[in-house]
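Remember, predicted model here, so these are calculated numbers, not experimental data. Numbers here are sequence positions counted from 1.
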Amino acid sequence: QFQLVESGGGLVQPGGSLRLSCAASGFTLDYYAIGWFRQAPGKEREAVLCISHSGGSTNYAGSVKDRFTISRDNDKNTIHLQMNVLKSEDTAVYFCAARALSCSDSRWGYHVWGQGTQVTVSS
């Protein structure tokens with residue numbers, strides 16, 4: 001069974017950092033792009049960052065530029081999202097999702113989704 005499990009969310013103060021992880025089971029991430037999406041209360045789910053099967057990354061959310069980075073650890077079949085200088089507007093449920101080979105900012109191209117992890121940025 002193809003499965004993605006996110007971890008690493010929590011409560012952090014503005015300016016702080018968190019590292020989210022997305023672990024795959026039942027399949028290898030070598031041939032998949034992994035996107036991170038987030039959904040704040042009352043808002044649409046939006047694409048944040050994506051990393052292709054070859055390791056190239058794409059930033060879909062201008063607000064996280066120079067603060068968030070995405071990386072892959074193929075040995076551990078895991079994708080990480082490093083979030084620095086967090087702001088209150090980063091508060092959301094963060095999801096990772098898998099898509100064959102290349103990235104897309106459309107959620108409809110991703111066919112395996114994790115359950116989400118809550119990130120709350122508050123003092």
Worked verdict on Asn59 versus Val64 for side chain to side chain contact (heavy atoms under 4.5 Å, CB included):
CA-CA 8 Å; Asn59 183 350; Val64 308; 3.6 Å; yes
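- A distance-only check finds a donor-acceptor pair linking the side chain of Thr117 to the backbone of Gly9 [under 3.5 Å].
- Side-chain contact between Phe68 and Val48: present, with at least one pair of heavy atoms (C-beta onward) separated by less than 4.5 Å.
- The closest side-chain heavy-atom distance from Ile79 to Ile70 is below 4.5 Å.
- Clustering ILVMFWY residues whenever any of their side-chain heavy atoms sit less than 4.5 angstrom apart, transitively, puts Tyr60 in a cluster other than the one holding Val93.
- Annotation: the span from His53 atom NE2 to Asn74 atom CG amounts to 10.5 Å, rounded to 0.5 Å.
- The stretch residues 47-76 participates, sequence neighbours left out, in these salt bridge (charged side-chain N to carboxylate O under 4.0 Å, His left out) pairs: Arg67-Asp90.
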Going through the checks in order, is the side chain to side chain contact (heavy atoms under 4.5 Å, CB included) test met by Gln82 and Ser17?
CA-CA 8 Å; Gln82 179 66 42; Ser17 297; 4.0 Å; yes
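- By the salt bridge (Lys or Arg N to Asp or Glu O under 4.0 Å) test, Glu46 pairs with Arg38, sequence neighbours left out.
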Please report the C-alpha distance between His80 and Ser71 in whole Å, then the side-chain angles of each, then the deciding distance to 0.1 Å, and finally whether the side-chain hydrogen bond (donor to acceptor under 3.5 Å, both in side chains) criterion is met.
CA-CA 5 Å; His80 300 291; Ser71 61; 5.5 Å; no
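- Within the structure, side chain to side chain donor-acceptor pair (under 3.5 Å) pairs that include any residue of residues 101-110 comprise Arg99-Ser102 (at least two apart or interchain).
- Listed by chain and residue number, Lys43, Ala92 satisfy the side chain to side chain contact (heavy atoms under 4.5 Å, CB included) test with Ala40 (two or more places apart in sequence, or in another chain).
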Which atom pairs, donor and acceptor, lie under 3.5 Å between side-chain atoms of residues 24-36 and protein residues at least two apart or in another chain?
| from | atom 1 | to | atom 2 | distance (Å) |
| --- | --- | --- | --- | --- |
| Thr28 | OG1 | Asp30 | N | 3.4 |
| Thr28 | OG1 | Asp30 | OD1 | 3.2 |

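- Residues satisfying the side chain to side chain donor-acceptor pair (under 3.5 Å) test with Ser88, not counting sequence neighbours, are none.
- To the nearest 0.5 Å, atoms CG (Leu81) and OG1 (Thr69) are separated by 7.0 Å.
- Between Phe37 and Trp113 the shortest side-chain heavy-atom distance falls below 4.5 Å.
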Audit row: Met83, Leu20, side chain to side chain contact (heavy atoms under 4.5 Å, CB included) steps and yes/no
CA-CA 8 Å; Met83 306 187 295; Leu20 305 184; 3.7 Å; yes
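- Judged as a side chain to side chain contact (heavy atoms under 4.5 Å, CB included), and not counting sequence neighbours, the contacts of Val12 are Leu18, Leu86, Val121.
- Shown here are the side chain to side chain contact (heavy atoms under 4.5 Å, CB included) partners of Ser123, two or more places apart in sequence or in another chain: Pro14.
- Identified under the disulfide (SG to SG under 2.5 Å) test for residues 57-90, with sequence neighbours left out: none.
- Listed by chain and residue number, Ser54 satisfy the side chain to side chain donor-acceptor pair (under 3.5 Å) test with Ser52 (two or more places apart in sequence, or in another chain).
- Sorted by first and then second residue, the disulfide (SG to SG under 2.5 Å) pairs involving residues 61-123 (not counting sequence neighbours) are Cys22-Cys96, Cys50-Cys103.
- In the hydrophobic clustering of ILVMFWY residues, with side-chain heavy atoms under 4.5 Å counting as a link, Phe2 and Leu4 come out together.
- With sequence neighbours left out, Gln115 forms a side chain to side chain contact (heavy atoms under 4.5 Å, CB included) with Val5, Glu6.
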